[in-house]
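Numbers here simply count residues along the sequence, with the first being 1.
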Amino acid sequence: MRLKSIQKCQPGNTLARSIYAENGTVLVGTGVELTQRMLERLKAKNISSLYIQDKRTDDIIVETVISEPTRRAAMSIIHDTFRAVHEFPQKWHQIFSDKAFGRELRQVMAAVADELNASRSAMNLLADACAFDNYIFTHSFNVALYSTALALKTECTEKEVLEVSIGGMLHDIGKILVPDEILKKPGHLTSEEFELMKKHTEYGFEMLRRQDDIPLLVAHCAFQHHERWDGSGYPRKLKKDEIHPFGRLMAVTDVFDALTSHRVYRPGMLPHEAMEILFSGSGRLFDQKYVEALRDTIALYPLGLSVTLNTGETGVIVDSNKGMPSRPVIRILVDENGEELTQPYECDLSKKLALMIVACDELV
């Protein structure tokens, strides 16, 4: 399979991986032949890239770290919860104090943690495209995945992993109480609008901290995920160890997903580009421990991505190297003269240190 910008996909291409709706159901399934109408509808739903079947790379299998039933259950619960709070904001206390909700959330996120812990694959954030009308839903799900993976990577206890996982799902719940005209504004906020936007951390904390079936540290994930290592964050301008470890962890995963997500007003970055920005703030804005842990957890170059080497050769990412995430394995398909190879070959950049990736296919 090949990862391509939706702008480069053509009618007649066959989908190699399912596309999900924001509530976790399959919107377009694997094996479907795409039509022009389908492509236009997917573009309108902010899908920027697709996995397409390709004879030269059909043997590339992109494994997901979360099974479809678990993904569907997790996305469904966050979708339904956020929708309910948005439609009946005066009933948020009743929604969160429902013991059935707390029990279901724990069960779903425990399943997410178990599957992530059992997986040996680097997280490929582009493996499953999600068509969304409300960015908060998919952002919350992604942050939960990344945060759970980091909690496992940094050897948190089982109890802490579950708290981080639930915290990731609910870290932005306070945004439901921010006016839609601010939340969905396509562009920069005014200083007054930004002050209102910042209130979501306090709203989320107040919504979660008194709920018997939601751990208090989950509320602190909502409260502290915008605090920064140097004290430049909000709402309390905490510094370094004044910030709870969960807040420091979630600051990294929240920014990473924001940078890599496709939005109406700007395209998402590729994972390695987003990691460069996080590393530029490591030790200043972010706790270096969690930036490094994220780098070692995700696939910096997603499988199926087309890349160009400094030799002029081009190929497709076919595998990643644990411990050397910036040096993947590439199947060379085109030589330095632009000629397609009749016998493609694989090149492991961890063993060919003189070779470097100098360009990647745009996925916007």
Side-chain angles (χ1 to χ4, degrees), residues 78 81-83 85-86 89-90 92-93 95-96 132 134-144 146-147 164 166-211 214-261 263-266 268-269 274 277-278 280-287 290-291:
I78 196 64
T81 302
F82 276 58
R83 281 283 189 207
V85 175
H86 187 264
Q90 71 278 10
W92 64 261
H93 185 275
I95 293 167
F96 286 120
F132 60 88
N134 191 318
Y135 165 72
I136 298 176
F137 299 154
T138 45
H139 175 65
S140 297
F141 176 71
N142 289 342
V143 170
Y146 302 143
S147 298
V164 167
I166 296 172
M169 283 291 259
L170 298 178
H171 79 286
D172 261 351
I173 189 67
K175 283 186 176 178
I176 295 298
L177 302 183
V178 175
D180 278 352
E181 59 268 24
I182 294 176
L183 202 60
K184 297 179 180 180
K185 183 177 178 179
H188 291 291
L189 301 177
T190 65
S191 57
E192 293 80 9
E193 289 169 336
F194 186 54
E195 287 303 313
L196 285 173
M197 174 65 86
K198 290 196 296 186
K199 288 288 185 182
H200 79 274
T201 56
E202 298 171 66
Y203 295 156
F205 181 64
E206 289 301 323
M207 292 169 75
L208 299 172
R209 72 187 182 98
R210 290 195 178 95
Q211 306 311 313
I214 295 176
L216 182 59
L217 286 177
V218 170
H220 280 284
C221 291
F223 202 26
Q224 296 189 8
H225 67 278
H226 281 289
E227 300 287 0
R228 294 294 179 259
W229 189 249
D230 63 359
S232 63
Y234 62 86
R236 293 191 293 163
K237 296 189 179 298
L238 302 178
K239 293 182 179 180
K240 298 185 178 180
D241 292 341
E242 294 174 349
I243 310 168
H244 191 278
F246 290 3
R248 285 179 260 152
L249 179 156
M250 216 150 289
V252 172
T253 56
D254 176 65
V255 170
F256 178 76
D257 187 65
L259 290 172
T260 53
S261 295
R263 306 298 298 278
V264 174
Y265 51 87
R266 60 143 180 84
M269 296 180 181
I277 289 179
L278 286 174
S280 71
S282 179
R284 180 173 56 87
L285 300 177
F286 310 108
D287 187 337
Y290 295 113
V291 176

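- One distance of note links OG of S191 with CD of E195; it measures 7.5 Å at 0.5 Å rounding.
- With sequence neighbours left out, the side chain to side chain contact (heavy atoms under 4.5 Å, CB included) criterion links E193 to I182, K185, L189, T190.
- Proximity of I78 to T138: side-chain heavy atoms (C-beta onward) are nowhere separated by under 4.5 Å.
- The structure places CG of L278 at 8.5 Å from OG of S282, a figure rounded to the nearest 0.5 Å.
- Judged by distance alone, the side chain of R248 and the main-chain N or O of I243 form a donor-acceptor pair under 3.5 Å.
- Considering all non-hydrogen atoms of both residues, A274 and T260 come closest at CB-CG2, 3.6 Å.
- Residues K175 and M197 are in side-chain contact: their nearest non-hydrogen atoms beyond the backbone lie under 4.5 Å apart.
- Side chain of T201 to main chain of K198: a donor-acceptor pair is present (N/O by atom type, distance under 3.5 Å, no hydrogens or angles).
- One distance of note links NE2 of H226 with CG of L238; it measures 13.5 Å at 0.5 Å rounding.
- A 4.5 Å side-chain heavy-atom check between D172 and V143 finds every atom pair outside the cut-off.
- Between L285 and S232 there is a side-chain heavy-atom pair separated by less than 4.5 Å.
- In summary, the aromatic rings of H171 and H139 are positioned with their centroids under 6.0 Å apart.
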Show the numbers, then the answer: is there a side chain to side chain contact (heavy atoms under 4.5 Å, CB included) between D241 and W229?
CA-CA 8 Å; D241 292 341; W229 189 249; 4.1 Å; yes
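- Considering SG of C221 and NE2 of H244, their distance stands at 8.0 Å, rounded to 0.5 Å.
- Residues Q224 and M250 have side chains not in contact (no heavy-atom distance under 4.5 Å, counting atoms from C-beta outward).
- In this structure, S261 and D257 approach most closely via the heavy-atom pair OG-O, 2.6 Å.
- Taking every heavy atom of both residues into account, G204 and A222 meet most closely at C-CB, 4.0 Å.
- By the 4.5 Å heavy-atom criterion applied to side chains, M269 and I277 are counted as neighbours.
- With values rounded to the nearest 0.5 angstrom, D254 atom CG is found 11.0 Å from L249 atom CG.
- The heavy-atom pair separating R228 from A251 by the smallest distance is NH1-CB, 3.4 Å.
- Scanning for side chain to side chain contact (heavy atoms under 4.5 Å, CB included) contacts around K199 gives E202, Y203, with sequence neighbours left out.
- F286 contributes atom CZ, which lies 8.0 Å from atom OG of S280 (distance to the nearest 0.5 angstrom).
- For the pair H200/L177, no side-chain contact is recorded, criterion being any heavy-atom separation below 4.5 Å from C-beta on.
- Between F205 and F223, the angle of the ring planes stays under 30°, which puts this pair in the parallel group of the 30/60° scheme.
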